[in-house]
Number of protein chains: 2
Amino acid sequence: MPDRLHRYKADIFQALAHPTRVAIVEALAGGELSAGQLIERLGLEQANASQHLAVLRSKRVVETRRAGNQVYYALRDPVLADVLALLRDYFFAHFADIADLNTALRG
Amino acid sequence: MPDRLHRYKADIFQALAHPTRVAIVEALAGGELSAGQLIERLGLEQANASQHLAVLRSKRVVETRRAGNQVYYALRDPVLADVLALLRDYFFAHFADIADLNTALRG
DNA sequence: TGCGTATATTCGCATATTAATATATAGTTG
DNA sequence: CAACTATATATTAATATGCGAATATACGCA
């Protein structure tokens with residue numbers, strides 16, 4: 001009974017199921033950035049960043065625009081930024097402070 | 001620069017990064033259900049369902065209540081149902097029909 | 001064309017996820 | 001306690017994901 005739509009949704013979630021990709025999407029919530037800018041801001045390895053960006057591309061989370069030598073990335077839909085905002089609320093609702101969260105998720 | 005919060009968020013996304021778990025969470029959006037009810041409704045194998053429920057438990061997406069022989073599952077926070085609702089909008093915004101979506105995500 | 005910069009892809013390897021099967025535990029009832 | 005129902009866990013094998021190093025591609029410019 002998990003059908004195609006469930007698979008599509010799971011694909012989106014999987015695209016976001018890595019801390020680096022979450023960081024990338026959050027960075028892009030403020031507007032488009034080139035791959036190089038993302039690498040610099042987030043302190044990523046070039047190849048690693050490129051791989052994560054490939055995942056986000058393949059799951060259609062981001063779209064790209066080439067400007068000369070650079071490739072600019074942007075969120076395909078700001079709703080994904082909203083999703084992240086909802087999650088922020090989720091954390092605040094359930095965990096008084098980060099230590100609790102730490103214990104809850106790791107313990 | 002992907003920090004702890006990014007990791008926590010990624011954990012939640014990973015919890016939802018499987019079609020069966022998406023189906024479970026959507027089913028629970030309508031209210032608590034026992035493991036057995038979920039298995040029946042979604043047509044799951046018992047062990048498989050239990051493993052996916054274990055993932056949802058470990059990531060704190062669901063909480064459980066034992067009533068005699070049965071274990072009832074409920075969403076820990078309805079915000080996750082909201083997240084899924086947002087995703088539904090996302091799909092409608094970007095894909096005229098399911099065939100397009102199919103092509104986009106698989107092709 | 002050849003060089004430099006920006007980005008993407010490939011490869012090898014370690015770790016993680018998944019499904020299926022089998023087994024174990026908790027609770028209920030006789 | 002034995003038998004039964006509901007749920008959970010362990011094991012194994014297949015597949016997927018993640019990372020760093022190296023290599024490849026794309027573009028702009030001399």
Side-chain angles (χ1 to χ4, degrees), chain A residues 1-3 6-25 27-28 32-74 105-106, chain B residues 1-3 6-25 27-28 32-74 105-106:
Chain A
M1 176 124 297
D3 64 5
H6 294 134
R7 237 167 287 136
Y8 299 148
K9 291 174 186 170
D11 272 346
I12 302 293
F13 288 125
Q14 213 195 9
L16 298 173
H18 191 284
T20 297
R21 295 197 291 270
V22 170
I24 289 173
V25 169
L28 294 179
E32 70 169 11
L33 292 170
S34 71
Q37 289 174 318
L38 282 167
I39 287 166
E40 194 197 350
R41 285 204 193 186
L42 305 179
L44 305 173
E45 290 292 319
Q46 187 274 322
N48 191 253
S50 202
Q51 285 173 106
H52 284 300
L53 288 170
V55 172
L56 293 174
R57 261 184 282 128
S58 78
K59 300 293 170 56
R60 303 251 150 179
V61 167
V62 297
E63 57 193 2
T64 61
R65 169 177 80 83
R66 184 176 268 280
N69 228 352
Q70 284 134 329
V71 177
Y72 283 88
Y73 282 82
L105 285 175
R106 304 295 164 200
Chain B
M1 173 117 307
D3 64 5
H6 294 134
R7 237 166 290 135
Y8 298 148
K9 290 174 186 172
D11 271 347
I12 301 295
F13 287 124
Q14 215 197 7
L16 299 173
H18 190 285
T20 297
R21 293 197 293 269
V22 170
I24 289 172
V25 169
L28 294 179
E32 71 169 11
L33 292 170
S34 70
Q37 288 174 317
L38 283 167
I39 287 167
E40 194 197 351
R41 285 204 193 187
L42 305 178
L44 305 174
E45 290 294 318
Q46 186 274 322
N48 192 253
S50 201
Q51 285 175 123
H52 285 300
L53 288 170
V55 171
L56 293 174
R57 262 184 281 126
S58 79
K59 301 293 169 56
R60 303 247 150 183
V61 168
V62 298
E63 57 193 3
T64 60
R65 169 176 80 82
R66 186 175 266 280
N69 228 354
Q70 284 133 329
V71 176
Y72 282 87
Y73 283 82
L105 287 175
R106 303 298 164 200

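Convention: sequence-line order gives letters A, B, ...; per-chain numbering from 1.
Atoms CG (B:L44) and C1' (D:dT7) sit 14 Å apart, rounded to a whole Å. If you measure from atom CD of B:Q70 to atom P of D:dA8, you get 11 Å, rounded to the nearest angstrom. Spacing between atom CD1 of A:I39 and atom P of C:dT7 amounts to 6 Å, rounded to whole angstrom units. Atom-to-atom, CZ of A:F13 to C1' of C:dT17 comes out at 18 Å; the value is rounded to the nearest Å. Remark: P of D:dA16 and CZ of A:R7 are 14 Å apart, rounded to the nearest angstrom. We find that CZ of A:R65 is positioned 15 Å from C1' of D:dC27, with the value rounded to whole Å. Taking atom CG of residue A:L53 and atom P of nucleotide D:dT25, one finds them 20 Å apart after rounding to whole Å. For A:E40 and C:dT5, the CD to P distance is 16 Å, given to the nearest whole Å.
For C:dT28, the base has no donor-acceptor partner in the side chain of B:N69 [N/O atoms by modelled type, under 3.5 angstrom]. In the interface, the side chain of A:E45 is not paired with the base of D:dA21 through any donor and acceptor atom under 3.5 Å apart. Applying the 3.5 Å distance criterion, the base of C:dA8 shares a donor-acceptor pair with the side chain of A:Q46.
When heavy atoms are screened at a 4.0 angstrom cut-off, B:Y72 is found touching no nucleic acid atom at all. No engagement by A:A49 is indicated, since no non-hydrogen atom pair under 4.0 Å with the nucleic acid exists. Using a 4.0 Å heavy-atom distance criterion, A:Q14 is classed as a sugar-phosphate-only contact.
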- [ ] Take A:Y72 and A:R66 through the side chain to side chain contact (heavy atoms under 4.5 Å, CB included) test and state the conclusion after the steps.
- [x] CA-CA 6 Å; A:Y72 283 88; A:R66 184 176 268 280; over 6 Å; no

- [ ] Walk me through it: do B:K9 and B:I12 pass the test side chain to side chain contact (heavy atoms under 4.5 Å, CB included)?
- [x] CA-CA 5 Å; B:K9 290 174 186 172; B:I12 301 295; 5.8 Å; no

Open item on the list: Run the side chain to side chain contact (heavy atoms under 4.5 Å, CB included) test on B:L53 and B:L38 for me, step by step, so that the C-alpha distance in whole Å, both residues' side-chain angles and the decisive distance to 0.1 Å come before the verdict.
Closed with: CA-CA 10 Å; B:L53 288 170; B:L38 283 167; 4.0 Å; yes

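Contact check, B:R21 against C:dT18: a side-chain N or O comes under 4.0 Å of OP1 or OP2. The shortest distance between the side-chain N/O atoms of A:R57 and the OP1/OP2 oxygens of C:dT9 is below 4.0 Å. The shortest distance between the side-chain N/O atoms of A:Y73 and the OP1/OP2 oxygens of C:dA6 is not below 4.0 Å. Remark: B:H52 is not in phosphate contact with C:dT17, judged by side-chain N or O atoms under 4.0 Å from OP1 or OP2.
The backbone N or O of B:A15 lies less than 3.5 Å from a partner atom in the side chain of B:R21, making a donor-acceptor pair.
When each of C:dT7, D:dC19, C:dT21 is scored by its nearest atom to the side-chain atoms of A:N48, the top-ranked nucleotide is D:dC19. Closest to the side chain of A:Q51, from the set D:dC19, C:dA8, D:dT7, is D:dC19. With distances taken from any side-chain atom of A:A35 to the nucleotides C:dT7, D:dT7, D:dT9, the minimum falls on C:dT7.
Residues B:R66 and A:G36 each lie close to DNA chain C; by heavy-atom proximity, the contact nearer the 5' end of the strand is made by A:G36.
Across all their heavy atoms, B:L16 and B:V25 have their closest contact at CD2-CG2, 3.5 Å.
Side-chain contact check for A:R65 and A:Y73: no donor-acceptor pair (N or O, by modelled atom type) lies under 3.5 Å.
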